Amino acid sequence: MTSSTVPPAASPAAATDTGLLLLRLVVGLSMAAHGSQKLFGWFDGGGLDATGEGFEAVGYPAGWTMALIAGLTETFGGLAIALGLLTPLAAAAVLGTMINAAVAVHWEGGFFAPGGIEMPMLYGLGAASVALTGPGRYAADTFLPLPAALRPHRLVHGLAALALAVVTATVVLLFRD
């Protein structure tokens, strides 16, 4: 059987697109759930007031505002990753937030969960992977009316998104006491 006779659903591209969809759904919906803990107190979360106190306890100024920013970033960045919508930017938002979580909250706990950097590292690297590979065919990005030069995913888009995440996360970390 030659590559021209392989059914589309059995092609390597279909397998890659399905794998990317699965990765996007798991990382994106998990992040959205974490964000809703911060914003609304859902899933045994603390809500904005308790989360804001937690931000202040690890040295961030204006804890409530930082909780709101983190909650919105995780919720909407996660949903956008799951949908494959504006994928490099959504991935940058999640990665930047996870860099802050790893450094400010989990670093002292070592590697392994629940207290270590394991979970924010996995979520952050999952988002980075999607930024670098693109969302695949099963994504809202494939339906956006973009100029021809921006339509196909390019490695440079992912690298620019990762650079944006690292720079933004570093600036936010510098505001800590």
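Basis for what follows: all heavy atoms, side chains included, without hydrogens, waters or symmetry-related copies. For the single chain, residues carry numbers from 1 onward in sequence order. Note that the structure is predicted; figures quoted are calculated from it, not measured.
Residues L89 make up the rest of the hydrophobic cluster containing L164, defined by ILVMFWY side-chain heavy atoms closer than 4.5 Å, directly or through other members. When hydrophobic residues (I, L, V, M, F, W, Y) are linked wherever their side-chain heavy atoms come within less than 4.5 Å, the members clustered with I117 are W107, F111, F112, M121, L125.
With R137 contributing its side chain and T142 its backbone, the two residues share no donor-acceptor pair below 3.5 Å.
The CG atom of N100 lies 7.5 Å from the CZ atom of F55; values are rounded to the nearest 0.5 Å. Rounding to the nearest 0.5 Å places CZ of R24 at 7.5 Å from CG of L83. The CG atom of L29 sits 7.0 Å away from the CG atom of L79 when rounded to the nearest 0.5 Å. Remark: L23 CG to T16 OG1 distance equals 12.0 Å, nearest 0.5 Å. For the atom pair CG (L95) and CG (L162), the distance works out to 6.0 Å, reported to the nearest 0.5 Å.
The side-chain hydrogen bond (donor to acceptor under 3.5 Å, both in side chains) pairs that include a residue from residues 42-56 are D49-W64, where partners are two or more places apart or lie in different chains.
Side-chain contact between F76 and V94 is absent, with no heavy atoms from C-beta onward closer than 4.5 Å. The side-chain heavy atoms of L159 and L132, taken from C-beta on, include a pair separated by under 4.5 Å. V172 has its side chain within reach of M66: a pair of non-hydrogen atoms, C-beta onward, lies under 4.5 Å apart. The shortest distance between side-chain heavy atoms of Y138 and L20 does not fall below 4.5 Å. M119 is not listed as a side-chain neighbour of M98, based on a closest heavy-atom distance of 4.5 Å or more. D17 places none of its side-chain heavy atoms less than 4.5 Å from the side chain of L21.
Other residues, nucleotides and ligands place no more than 12 heavy atoms under 6.0 Å from the CZ atom of F175.
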